[in-house]
Every structure is written in structure tokens, then in C-alpha cells.
Amino acid sequence: MQQNIRVRYAPSPTGFIHIGNLRTALYNYLFARHNNGKLILRIEDTDQSRKVEKAVENIIDTLQWVGIEYDEGPFKEGDYAPYFQSQRLKIYYQYAKILIENKKAYYCFCSEERLNAIRQEQQLRKVPVAKYDKKCLSLTEQEISDNLNQKLPYVIRLNVEPGRTIKFNDFIRGEVQILSDLIDDQILIKSDGFPTYHLANVIDDYLMKITHIIRGEEWLPSTPKHILLYEAFGWELPVFAHLPLLLNKDRSKLSKRQGDVSVEDYKNKGYLPEALINFIALLGWNPKDEQEIFSMNELIEKFTLEAVHKSGAIFDIEKLNWLNGEYIRKKSNFELLILLREELSKSKYNNNDYSDEYLIKVINAMKPRITFIKEIYEKGYFFFEEPESFDKDLINKFSTTQYTEILNTYLKEIKNIQELTKEDLENLIKYIVDELKIKKANLIQPLRLAISASLEGPSITDIILTIGKEKTIQRINKFIEKLTE
RNA sequence: GCUCCCAUCGACUAGUGGUUAGGUCAUCACUCUUUCACAGUGAAGACACGGGUUCGAAUCCCGUUGGGAGCGCCA
């Protein structure tokens with residue numbers, strides 16, 4: 001690869017980061033790190049009307065949360081600052097002026113009404129491609145300066161020469177070509193003086209010395225416009241690489257209508273950043289071996305643009321769920337303790353009611369059976385509170401004198417044990433089973449029900465060991481009352 | 001409508017002219033377990049279709065079909 005690789009992630013601050021954009025950011029990051037290059041974060045805030053408060057902060061926080069570090073950008077000024085497009089307005093205007101002088105662009109004073117009229121008329125005629133009719137291109141120098149002096153609102157448009165074939169080589173898709181006749185005289189500078197995406201993007205990529213433009217496939221159709229701009233300025237083309245799209249279940253572009261799409265949503269649902277990154281990395285790229293779990297460093301080591309796919313990938317959370325569980329199981333109890341306390345602080349339970357020692361025991365018991373951290377206290381709620389509601393059918397099932405006897409025997413025996421150990425509890429079960437000549441399940445099931453209101457979950461000895469003798473006795477007593485009611 | 005892009009199990013993918021088409025998730029079964037999970041073993045499940053090229057095509061070419069994206073003073 002060539003030296004001094006520079007790539008950029010260029011979101012517009014219109015809300016939370018979209019999961020598809022996160023993948024774009026990730027691939028840019030992986031590509032940069034793999035090649036000892038730099039990742040630039042540039043904020044494309046040229047649409048004032050769509051600006052959202054705190055969006056930039058959220059973008060930066062989200063990148064940090066998932067572990068994508070940029071080398072230059074807001075609050076990390078490099079040689080090409082500023083990194084907010086809204087602070088670079090003069091630059092764009094200067095370059096637009098150059099284009100006008102070279103006749104590559106022109107002033108357009110057409111009103112919105114006229115533009116709409118043209119569009120409508122073209123639709124009526126079923127013209128294949130609706131385009132601006134280049135009316136203002138034929139304005140004389142005099143007319144233009146008169147209009148400007150009168151302060152008539154204007155835009156600056158790209159003058160697209162018809163009859164040309166624009167070719168470019170996409171790193172992922174190979175050669176792509178399109179006829180210039182199909183390209184509209186794109187607006188470069190809006191009437192509010194702000195540049196459009198196309199202009200600002202090309203200028204900044206050039207000025208910031210971006211070598212590889214890695215972005216979503218939705219940009220593929222507008223790439224010829226950008227090429228035309230590079231040509232008009234006489235600039236060398238960067239490498240274009242258009243990433244396949246992330247898709248909904250129905251194969252349309254991943255959108256809010258069909259589920260959660262912001263990284264924030266997934267964070268709030270309890271997905272671990274490692275799992276999300278791992279999952280998203282594999283949507284459109286594959287290291288061609290049979291490994292499934294990758295740390296960020298492994299991704300960096302293995303990532304190449306050559307191995308990126310062409311076709312879109314459905315964002316299906318089934319595998320993400322599995323990964324989340326895997327990452328939970330890989331974590332140490334101490335790491336999980338910190339995460340659990342965080343979740344607990346957002347729950348109805350009070351962190352102060354449970355010691356670290358206690359929570360570690362709970363974590364150990366619940367770890368193999370959860371997908372999300374919060375399931376530790378959701379599925380394992382009996383570790384955090386006394387179960388109140390019991391399934392009627394289950395109560396009925398165990399409402400016989402035989403089960404009451406079994407439980408009473410257990411109660412009597414456990415009271416005799418001074419300090420509970422795993423061994424004691426297991427021996428106790430054996431002892432009672434032998435003594436009463438019953439099946440193991442006939443003791444354990446009612447016991448489990450009494451203590452946890454469920455027939456599923458961690459081993460009964462682990463539960464008893466965790467909640468302690470006192471609570472165990474209390475719950476069994478209460479349960480016997482319920483059975484004999 | 002027009003332009004461009006894409007096409008292997010339900011999902012993510014390996015595969016670049018010769019494979020019993022491999023793996024992971026999900027599904028199902030079995031083993032382990034008091035149970036649920038975890039873990040392990042196994043099963044089922046795909047080359048969109050039609051033509052070429054070739055001794056031989058998932059792989060190369062053409063067409064069809066299907067899907068997607070884009071066609072804004074939004075990015």
C-alpha cells in the first residue's frame with residue numbers, strides 16, 4: 001500500500017449514529033490502523049436546518065464507547081483544522097469562484113417556482129432524467145453582475161458537459177461508468193451561502209489529503225459528480241471504495257421503520273461494545289478463516305479492503321445476541337460486577353443492598369444462562385427479592401401431603417447444619433432421598449419452586465448457598481403454608 | 001420511469017474451473033444436568049433461472065428473473 005494513508009469518517013450531526021454509519025466508521029478505522037494510516041473525523045454540518053443539538057458530542061462519545069479512535073478531528077486538531085464544515089465556508093466559496101472563472105460552474109438565479117415548474121413539466125413528458133435546463137448558463141457577464149448587484153438570491157451550479165462517459169475504478173466494485181448526460185447541473189453553493197455535500201466533500205477530501213474514500217454504497221451514484229469536480233479542479237483522484245449496504249429483514253436499506261438503527265439503541269438494550277463491533281465487522285467483510293470472535297486488535301490485524309464484499313448484508317440480531325452472551329461469558333467476574341452495578345443503578349433494585357461478595361456469587365450462577373447483563377437480576381430476580389407470585393398449576397402439582405412432608409424433612413435437617421457448605425447441601429439431598437426413598441427430582445423440584453418460584457435456573461445448592469440459610473428456611477416455610485392453604 | 005450496483009443454506013459467510021459445496025448463528029435430536037442454560041456430538045438446510053465456453057462450471061461469458069440504491073438549494 002502507498003504511504004501516508006489517510007481516511008475519514010464524515011458524519012453529519014443530525015442525531016445518533018446510525019448502525020450502518022458505525023460500520024463505515026469501523027472499516028475506515030480498521031483500514032487506517034492496519035496500514036499505519038490516519039483516521040480523520042470531519043463533521044459535515046452544512047445543512048443548518050437539520051442540525052441537532054448535542055449530536056457532535058454523541059458521535060464522539062459513541063466512537064469512544066466502541067473503541068474507534070480518530071487521529072484528527074474536533075477536539076483533536078491536526079494540521080488541517082477546522083474539522084467542522086460550517087467553519088470552512090470561506091474555503092468552499094473561494095474554490096467555487098475558481099470553478100466559475102474556469103467556466104466549470106456558473107451562477108444560477110432561477111427561482112424555486114421555476115425549478116419546480118421545470119420538474120413538473122419534465123415529469124409530464126416522462127423525460128427519463130429530470131434535469132435543470134441550463135437557462136442561466138447563457139446569461140451574459142453584464143446580466144450576471146447586474147443580478148449580483150441587485151442582490152438577487154443565487155446558487156452556483158456545476159456545468160456538466162453532455163456526451164461524455166465518466167469512468168472510475170471502485171476498489172470494491174471494479175470499473176464503473178456512467179454517461180454525463182444523466183448528471184444534473186449539481187448545485188455547489190446553496191443560496192444561503194453554504195456548500196452542498198458534493199462540493200464541500202470533494203474540497204475537504206483534497207485539502208485534508210484523504211487517500212481513500214471509504215463510504216456506503218448509497219454514494220456510488222453520485223461519485224461521477226465528484227469525479228467531475230476533481231477534474232474541474234485538476235486534482236488527482238483518491239481511491240474510491242463503496243461499501244455494501246446494511247439491510248432490513250426485507251432487504252431494503254436498514255431503516256428506523258423496521259427496528260432500531262441507532263448505536264444508542266443497542267447500547268441501551270445492553271449490548272456490549274465488543275459484541276457490536278465484532279458483529280458489525282463481519283457484515284460485509286470476512287477474514288476467510290473460521291474464526292468468529294475477534295478483538296479490535298485482531299480485526300485491525302486481519303482487515304483488508306480486498307476482502308470486503310459487494311452485496312448487502314441483513315442486520316439480523318440473532319447472531320449478535322449469541323455474541324453478546326459469548327462476550328459476557330469471556331469476562332471476569334470482576335468486570336461483570338462493574339457492569340452489573342451499572343445496570344442495577346438503573347433498575348428498581350438498590351445497589352447498596354448487595355455486597356460485592358454476594359453479587360459475585362450471583363454472577364457466577366447466572367453467567368452461563370444470560371445474553372444481557374441485566375438478565376442477571378431479571379431472570380435471577382429471586383436473588384434480589386423474595387418471590388411472591390407462584391404459578392397456580394405448579395402450586396397444585398406440589399400440594400400433596402407427600403411433598404409437604406419432604407419439605408418439612410428438609411427444613412428440619414437444614415436447621416441442624418451450622419454453616420452451609422456445598423458438600424453439606426449435596427449430602428443433605430442424598431440423605432433425604434435415600435431416607436424417604438424418593439426420586440431426587442421429588443425433593444429438588446419443590447425446593448426449587450419454594451425458593452425461586454420457578455423450576456428452571458442455576459443449581460439449587462448454588463442458589464441456597466448464595467441466599468443463605470435464613471432466607472432459605474423462610475422461603476420454604478412460606479411455601480409450605482401456601483401448599484397447605 | 002431512468003441510471004448504476006448486486007445475487008451460495010432462514011441469517012452471516014468460505015469457495016476464484018475438478019470439493020461428499022465448508023464454517024458460525026438460528027432450528028431440531030442426542031449426551032451431560034434435579035431443571036434451565038453452558039459445553040459436547042449429530043441432523044436438516046444453499047449455488048435464482050436459461051443459454052453458452054470447457055473433458056469438466058457455484059466459479060468465466062451472455063441473457064432472463066429477482067432484489068437494492070440513487071435520481072433535492074439532504075447528507
Side-chain angles (χ1 to χ4, degrees), chain A residues 10-14 21 44-47 49-50 85 108 110 112 115-116 119 123 126-131 153-157 170 172-174 176-179 181-184 186-198 200-201 215-224 242 244-245 247-253 279 282-293 307 309-323 325-326 329 365-371 379 429 433 439-449 452 454-461:
Chain A
S12 53
T14 55
N21 288 139
E44 310 228 325
D45 53 349
T46 54
D47 186 351
S49 64
R50 292 211 308 161
Q85 290 190 326
C108 172
C110 289
E112 221 177 303
L115 261 20
N116 287 338
R119 220 165 277 146
Q123 256 168 24
K126 300 214 161 127
V127 176
V129 270
K131 290 195 301 184
Y154 65 89
V155 300
I156 296 177
R157 305 186 93 112
D170 187 273
I172 292 166
R173 279 148 226 284
V176 178
Q177 46 177 294
I178 188 168
L179 209 59
D181 300 53
L182 300 162
I183 302 172
D184 196 5
Q186 192 62 50
I187 291 178
L188 267 17
I189 298 276
K190 301 182 258 187
S191 56
D192 63 0
F194 277 68
T196 56
Y197 169 86
H198 306 287
N201 200 263
R215 54 165 37 158
E217 193 191 324
E218 68 267 31
W219 293 109
L220 194 56
S222 44
T223 303
H242 286 95
L245 258 19
L247 273 23
N248 293 313
K249 274 225 162 77
D250 68 358
R251 298 216 149 262
S252 58
K253 187 172 152 186
F279 177 62
L282 261 15
L283 252 32
W285 170 81
N286 189 283
K288 300 179 192 299
D289 56 26
E290 298 195 336
Q291 190 176 338
E292 295 289 338
I293 310 257
H309 302 151
K310 293 178 177 178
S311 54
I314 294 176
F315 186 87
D316 182 348
I317 58 165
E318 272 176 1
K319 197 167 181 176
L320 174 58
N321 289 340
W322 169 74
L323 274 170
E326 286 293 301
R329 267 164 248 130
M366 295 305 294
K367 203 172 173 175
R369 48 205 109 226
I370 53 166
T371 300
K379 287 187 172 176
I429 289 170
V433 164
K439 279 195 274 181
K440 215 173 169 185
N442 286 342
L443 167 60
I444 290 178
Q445 285 196 344
L447 204 51
R448 174 183 283 291
L449 190 60
S452 71
S454 163
L455 294 182
E456 304 171 354
S459 94
I460 191 65
T461 50

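We name chains A, B, ... by the order of the sequence lines, and we start the count at 1 in each one.
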Practice item. Provide the Watson-Crick or G-U wobble partner of B:C30, both distances under 3.5 Å; none if there is no partner. Key: B:G40

Point to revise | Sugar-phosphate only, base, or nothing, as touched by A:Gln123 at under 4.0 Å among non-hydrogen atoms | key: nothing

Check your understanding: Separation of A:Leu247 atom CG from B:A7 atom P, in whole Å?
Key -> 13 Å

Check your understanding: At under 4.0 Å, does any side-chain N or O of A:Lys190 touch on OP1 or OP2 of B:C74?
Key -> yes

Exercise for review: Indicate, with a heavy-atom threshold strictly under 4.0 Å, whether A:Ser252 touches base, sugar-phosphate, or nothing.
Suggested key: sugar-phosphate

Exercise for review: Ignoring backbone atoms, establish whether A:Arg119 has a side-chain N or O less than 4.0 Å from OP1 or OP2 of B:C73.
Suggested key: yes

Point to revise | Phosphate OP1/OP2 of B:C5 contacted by A:Ser311 side-chain N/O (<4.0 Å) | key: no

Point to revise | For the student: nearest non-hydrogen atoms of A:Asp47 and A:Ser49, plus distance | key: OD1-OG, 2.6 Å

Exercise for review: Quickly work out the A:Lys249 NZ to B:G10 P distance and round it to whole Å.
Suggested key: 14 Å

Check your understanding: With sugar-phosphate meaning primed atoms plus P, OP1 and OP2, does A:Gly284 contact a base, only sugar-phosphate, or nothing at under 4.0 Å between heavy atoms?
Key -> sugar-phosphate

Check your understanding: In whole angstrom, what separates A:Phe279's CZ from B:A26's P?
Key -> 12 Å

Check your understanding: Between A:Glu456 and A:Lys379, is the closest basic N to carboxylate O distance under 4.0 Å?
Key -> no

Study note, to complete from the structure: Ranking A:Glu217 and A:Ser12 by the position along RNA chain B of their nearest nucleotide, the one closer to 5' is A:Glu217

Check your understanding: NA contact type, A:Ile314, heavy-atom cut-off 4.0 Å: base, sugar-phosphate, or nothing?
Key -> sugar-phosphate

Point to revise | OP1 or OP2 of B:C6 under 4.0 Å from side-chain N/O of A:Lys310 | key: yes

Review point. Is the backbone N or O of A:Thr46 less than 3.5 Å from a side-chain atom of A:Arg50, with the two atoms forming a donor-acceptor pair by type?
Key: no

Practice item. Indicate, with a heavy-atom threshold strictly under 4.0 Å, whether A:Arg448 touches base, sugar-phosphate, or nothing. Key: base

Check your understanding: For atom C1', what is the distance between B:A58 and B:U16, given to the nearest Å?
Key -> 10 Å

Practice item. Could you label the plane-to-plane angle of the A:His198 and A:Trp219 rings as parallel, tilted or perpendicular, counting under 30° as parallel and over 60° as perpendicular? Key: perpendicular

Review point. Mind checking the C1' distance from B:U13 to B:C9? Whole angstroms is fine.
Key: 11 Å

Check your understanding: Say you pick atom C1' in B:C12 and the same atom in B:U3; how far apart are they, in whole Å?
Key -> 30 Å

Review point. In whole Å, what separates the C1' atom of B:U59 from that of B:A48?
Key: 16 Å

Check your understanding: Looking across every strand, which nucleic acid part, if any, lies under 4.0 Å from A:Gln85 by heavy atom: base, sugar-phosphate, or nothing?
Key -> nothing

Point to revise | Who pairs with B:C60 - Watson-Crick or G-U, where each distance is under 3.5 Å | key: B:G52

Practice item. Please check if any side-chain donor atom of A:Thr461 sits under 3.5 Å from a side-chain acceptor atom of A:Ser459, or the reverse. Key: yes

Point to revise | For B:G66, the Watson-Crick or wobble counterpart (both distances under 3.5 Å) | key: B:C6

Exercise for review: Look at the side-chain N and O atoms of A:Arg215 and state whether any lies under 4.0 Å from the OP1 or OP2 oxygen of B:G70.
Suggested key: no

Point to revise | Rounded distance in Å between the C1' positions of B:G51 and B:U27 | key: 38 Å

Practice item. Please check the phosphate of B:A14 (OP1 and OP2 only) for any side-chain N or O of A:Lys288 closer than 4.0 Å. Key: yes

Practice item. For A:Ile460, report the nucleic acid contact type (base, sugar-phosphate, nothing); a contact means any heavy atom under 4.0 Å. Key: base

Review point. What about A:Ser191, does its side chain sit under 3.5 Å from the base of B:C73 through a donor-acceptor pair?
Key: yes

Practice item. Mind calculating the distance between CG (A:Asp184) and P (B:G72) to the nearest angstrom? Key: 7 Å

Exercise for review: Assign A:Cys108 to base, sugar-phosphate, or nothing according to its heavy-atom contacts below 4.0 angstrom with the strands shown.
Suggested key: nothing

**Study point:** B:G15 and B:U8, which share atom name C1', separated by this distance in whole Å
**Key:** 9 Å

Review point. When you match A:Ser49 and A:Leu455 each to their closest nucleotide on RNA chain B, which lands nearer the 5' end?
Key: A:Leu455

Exercise for review: Check whether the side chain of A:Arg369 and the base of B:C36 form a donor-acceptor pair under 3.5 Å.
Suggested key: yes

Check your understanding: Taking only side-chain nitrogens and oxygens of A:His242, does any of them come within less than 4.0 Å of OP1 or OP2 of B:C6?
Key -> no

Exercise for review: Ignoring hydrogens and angles, tell me if any N or O in the side chain of A:Asn248 forms a donor-acceptor pair with the backbone of A:Lys253 under 3.5 Å.
Suggested key: yes

Practice item. Measure from CG on A:Leu323 to C1' on B:U13 and round the result to the nearest Å. Key: 14 Å

Check your understanding: OP1 or OP2 of B:G70 sitting under 4.0 Å from any side-chain N/O of A:Lys253?
Key -> yes

Point to revise | Spacing of A:Leu282 atom CG relative to B:U13 atom C1', expressed in whole Å | key: 8 Å

Point to revise | Interatomic distance at P, B:C4 relative to B:C62, whole Å | key: 14 Å

Practice item. Would you kindly say whether A:Arg173 and A:His242 are connected by a side-chain donor-acceptor distance under 3.5 Å? Key: no

Exercise for review: Assign A:Glu318 to base, sugar-phosphate, or nothing according to its heavy-atom contacts below 4.0 angstrom with the strands shown.
Suggested key: base

Point to revise | Nucleotide B:C25, atom P - distance to CD1 of A:Ile293 in whole Å | key: 9 Å

Point to revise | Atom P, compared across B:A37 and B:A29: separation rounded to whole Å | key: 11 Å

Review point. Which is true for A:Arg251 with a 4.0 Å heavy-atom rule: it touches a base, it touches only sugar-phosphate, or it touches nothing?
Key: sugar-phosphate

Point to revise | Heavy-atom donor-acceptor pair, A:Arg448 side chain to A:Pro458 backbone, under 3.5 Å | key: yes

Exercise for review: Whole angstrom is fine here: how far is it from CD in A:Glu290 over to C1' in B:G23?
Suggested key: 4 Å

